[in-house]
Participant: 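Have a look at the structure that comes next, please.
Side chains are part of it too, since the values below use all heavy atoms of this structure and drop only hydrogens, waters and symmetry mates.
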Amino acid sequence: MNVLKWLYPGMRVKRWLLIFIAGVAVVAIGFSIFINQANQGFFGALGRELRNVENPLLWSFIAIVAGALAITFGFRQVMQSVTSALLPEGDIDNGKIVSIVHERRQLRRGPKIVAVGGGTGLSTLLRGIKGFTSNITAIVTVADDGGSSGQLRREMGVLPPGDIRNCLVALADAEPLMQRLFQYRFKSGDPPELVGHSFGNLFIATMSEIAGDFERAIKESSKILAVRGQVLPSTLEDVSLHAELEDGTIVHGESNISKSKSRIRRVFIRPEHVEPVVEAIEAIRNADIIVLGPGSLFTSVLPNLLVKGIADEIRRSRAIKVYACNVMTQPGETDGFTAADHVRAILGHVGEGVIDCVLVNHGAVPGALLERYLREGAEQVAADIEDIERLGLKVLEGDLICETDFARHDPGKLARAIMRML
């Protein structure tokens, strides 16, 4: 019955299908003349007559060319009719459609990549890596308790949506307007109860109420944004992040950790034994490469690894395990840290075996930009390669700096460096 619907009035495909079929028939006749065996084919008496035409090669050539043109024209018009009904008006471009189909087929054959982290660093990586594969799984921390995410967490009882939102937008294949909508942040002049919130956070929080759970809300949001790959929270349980400083002080809450004056000795989550998302574990087991970071060391990367089972699964995985070290230190969190210090902090929390290779930047941050960061208390992370190698790890270095107003990784450079490891 569904096949017969193509013949319904108003479908605007019947005439083009007839032209396509006629083209196939004409090409078949042309080949029948050419091989001089039409009487043995499907054409019967007609075939026997065609054997006797004058200049059979010429007529064969004409029939084949005319039929091929009819096939091409009919197929093109069928595609035009179908896509005009499916795509917004003005977006119909057969060449573009073919490119999109080819690109998506190629991306589905790409390597399976798992990226672990949160914040701006993880979304930067995802923005670059989605150009190489659609087999991407982003495992995102849900320990955030500040800003819009923290407020929604307290008032609506949902997991913090901020880092999830950033990753969804980074992997989105939707129209730029939809991406801008998800990132829109209400400001002064808007209703007071909305000021400081982003539309995407509110959307995910509301979708969580409608869908019944946070995980389902992420999946539905992924469909709306046409996300390449999947974004998963590391756990669906309500966790809080805490830090023990070197002076013995305990700092409660992710948003308070970076305000600390003393160096961080360790971070931990409460409750301690929370269950990981099953799909996240499966993604780690099937991965070709697992990337930790880039992102805030103590508040984005490590909280995921502290969820029960995640570090152990990474350790057991046969995938290449890469730590993408940050470009700059983070005031109040990694002051004075070198690349090796970042690595030691990870190994000190979850043990060896979670990193095979460390990706470090050796590109220089532009002078004026570096001065601005220095005034804010941040400095470029020193690439102490020999110290990392003494830890038994391989090092891949390169110029990974993004040439913008921010000292951070360039999405394309970072993605290409990771793909080279494969």
Side-chain angles (χ1 to χ4, degrees), residues 115-125 128-129 141 243 246 257-258 263-267 289-305 311 314-315 319-367 369-370 373-374 376-403 406-421:
V116 181
T120 305
L122 182 58
S123 57
T124 297
L125 168 64
I129 211 72
T141 177
E246 288 193 341
I257 291 175
S258 61
R263 195 172 175 124
I264 298 170
R265 177 178 295 161
R266 69 182 182 101
V267 292
I289 186 166
I290 300 169
V291 185
L292 309 180
S296 300
L297 176 62
F298 291 107
T299 55
S300 290
V301 178
L302 279 169
N304 293 297
L305 301 179
I314 293 175
R315 208 177 342 265
I320 302 170
K321 303 152 196 173
V322 182
Y323 172 56
C325 187
N326 293 342
V327 170
M328 305 294 293
T329 62
Q330 188 169 352
E333 190 166 330
T334 55
D335 298 287
F337 270 45
T338 65
D341 290 330
H342 284 75
V343 174
R344 290 191 194 98
I346 293 175
L347 300 182
H349 278 76
V350 296
E352 297 182 351
V354 296
I355 301 174
D356 297 325
C357 180
V358 181
L359 181 59
V360 296
N361 168 66
H362 69 202
V365 178
L369 184 59
L370 185 59
Y373 272 83
L374 288 172
E376 296 172 358
E379 59 186 3
Q380 187 167 352
V381 173
D384 49 349
I385 295 171
E386 292 183 359
D387 286 349
I388 298 174
E389 290 175 338
R390 288 192 193 100
L391 297 172
L393 305 175
K394 296 179 181 179
V395 180
L396 180 65
E397 55 178 324
D399 181 356
L400 306 174
I401 290 289
C402 180
E403 298 177 1
F406 298 94
R408 60 178 59 152
H409 288 94
D410 177 271
K413 293 178 181 178
L414 181 60
R416 286 190 292 274
I418 288 170
M419 294 303 294
R420 280 199 299 272
M421 295 180 184

Participant: Inspect the surroundings of CD in E376 and state if more than 12 heavy atoms from other residues, nucleotides or ligands are less than 6.0 Å away.
Facilitator: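 Enclosed: over 12 neighbouring heavy atoms sit under 6.0 Å from CD of E376.
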Participant: Taking the side chain as every heavy atom from C-beta outward, state whether E397 and N361 have any atom pair closer than 4.5 Å.
Facilitator: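 In short, these two side chains do not touch, never coming nearer than 4.5 Å.
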Participant: Got a second to check how far I418's CD1 is from I320's CD1, nearest 0.5 Å?
Facilitator: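 Reported value, rounded in 0.5 Å steps: 10.5 Å.
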Participant: So how far is it from D356 CG to I314 CD1, rounded to the nearest 0.5 Å?
Facilitator: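 The distance works out to 11.0 Å.
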Participant: Is there side-chain contact between F337 and R263, with at least one heavy-atom pair below 4.5 Å?
Facilitator: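 In contact.
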Participant: Can you find a pair of side-chain heavy atoms, one from I129 and one from M419, that are under 4.5 Å apart?
Facilitator: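 Contact flag for I129/M419 side chains = yes.
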Participant: Any side-chain heavy-atom pair from Y323 and I346 closer than 4.5 angstrom?
Facilitator: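 Of all side-chain heavy-atom pairs linking I346 with Y323, at least one is under 4.5 Å.
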Participant: Start with the C-alpha distance between L391 and V343, add both sets of side-chain angles, then the distance that settles side-chain contact (heavy atoms from CB on, under 4.5 Å), and finish with yes or no.
Facilitator: CA-CA 9 Å; L391 297 172; V343 174; 3.8 Å; yes
Participant: More than 12 heavy atoms of other residues, nucleotides or ligands under 6.0 Å from CD of E246: yes or no?
Facilitator: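 Correct, the count exceeds 12.
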Participant: Enter the distance from L414:CG to I401:CD1 here, rounded to the nearest 0.5 Å.
Facilitator: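 Reported to 0.5 Å precision, the distance equals 11.0 Å.
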Participant: Kindly indicate whether the side chain of S258, heavy atoms from C-beta on, has any atom under 4.5 Å from the side chain of T299.
Facilitator: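 No, side chains not in contact.
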Participant: Looking only at non-hydrogen atoms, find the nearest pair between A407 and V365 and report the distance.
Facilitator: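 In terms of heavy atoms, the two residues are closest at CB-CG1, 3.9 Å.
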Participant: For F298, is there any backbone N or O sitting under 3.5 Å from a side-chain donor or acceptor partner on E333?
Facilitator: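 The answer is yes, because a donor-acceptor pair under 3.5 Å joins these two groups.
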Participant: So which heavy atom on A324 is nearest to which on V291, and how close?
Facilitator: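 Scanning both residues completely, I find the closest heavy atoms to be CB-CG1, 4.3 Å.
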Participant: How long is the span from the CG atom in L297 to the CD1 atom in I264, to the nearest 0.5 Å?
Facilitator: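 Answer rounded to 0.5 Å: 8.0 Å.
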Participant: Nearest 0.5 Å, what's the CG-OG1 distance between D384 and T338?
Facilitator: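 D384 atom CG to T338 atom OG1 measures 3.5 Å (nearest 0.5 Å).
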Participant: First locate atom CD1 of I290, then atom CZ of R315, and finally report the distance between them rounded to the nearest 0.5 Å.
Facilitator: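 One gets 11.5 Å once the value is rounded to the nearest 0.5 Å.
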Participant: Hey, are the side chains of F406 and M328 touching, using non-hydrogen atoms and a 4.5 Å cut-off?
Facilitator: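 No - every pair of side-chain heavy atoms lies 4.5 Å or more apart.
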Participant: V301 and V116: side-chain contact (heavy atoms from CB on, under 4.5 Å), yes or no, with the steps?
Facilitator: CA-CA 7 Å; V301 178; V116 181; 5.5 Å; no
Participant: Could you pull out the closest heavy-atom pair between L305 and A311, with the gap in Å?
Facilitator: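 The answer is O-CB, 3.6 Å.
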Participant: Provide the closest heavy-atom pair for A383 versus V360 in the form atom of the first, atom of the second, distance.
Facilitator: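 Nearest pair, atom of A383 first, then V360: CB-CG2, 4.2 Å.
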Participant: Taking all non-hydrogen atoms of both residues into account, name the closest pair between Q380 and L370 and its distance.
Facilitator: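 Heavy-atom minimum between the residues: N-CD1, 4.2 Å.
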Participant: Is the closest side-chain heavy-atom distance between H409 and L125 below 4.5 Å?
Facilitator: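 Sidechains of L125 and H409: no contact.
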Participant: With side chains defined as the heavy atoms from C-beta onward, is the minimum distance between L359 and L400 less than 4.5 Å?
Facilitator: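 Answer yes - side chains close enough.
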Participant: If I compare all heavy atoms of A340 with all of D387, which pair ends up nearest, and what's the gap?
Facilitator: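 What the structure gives for the nearest pair is CB-CB, 3.7 Å.
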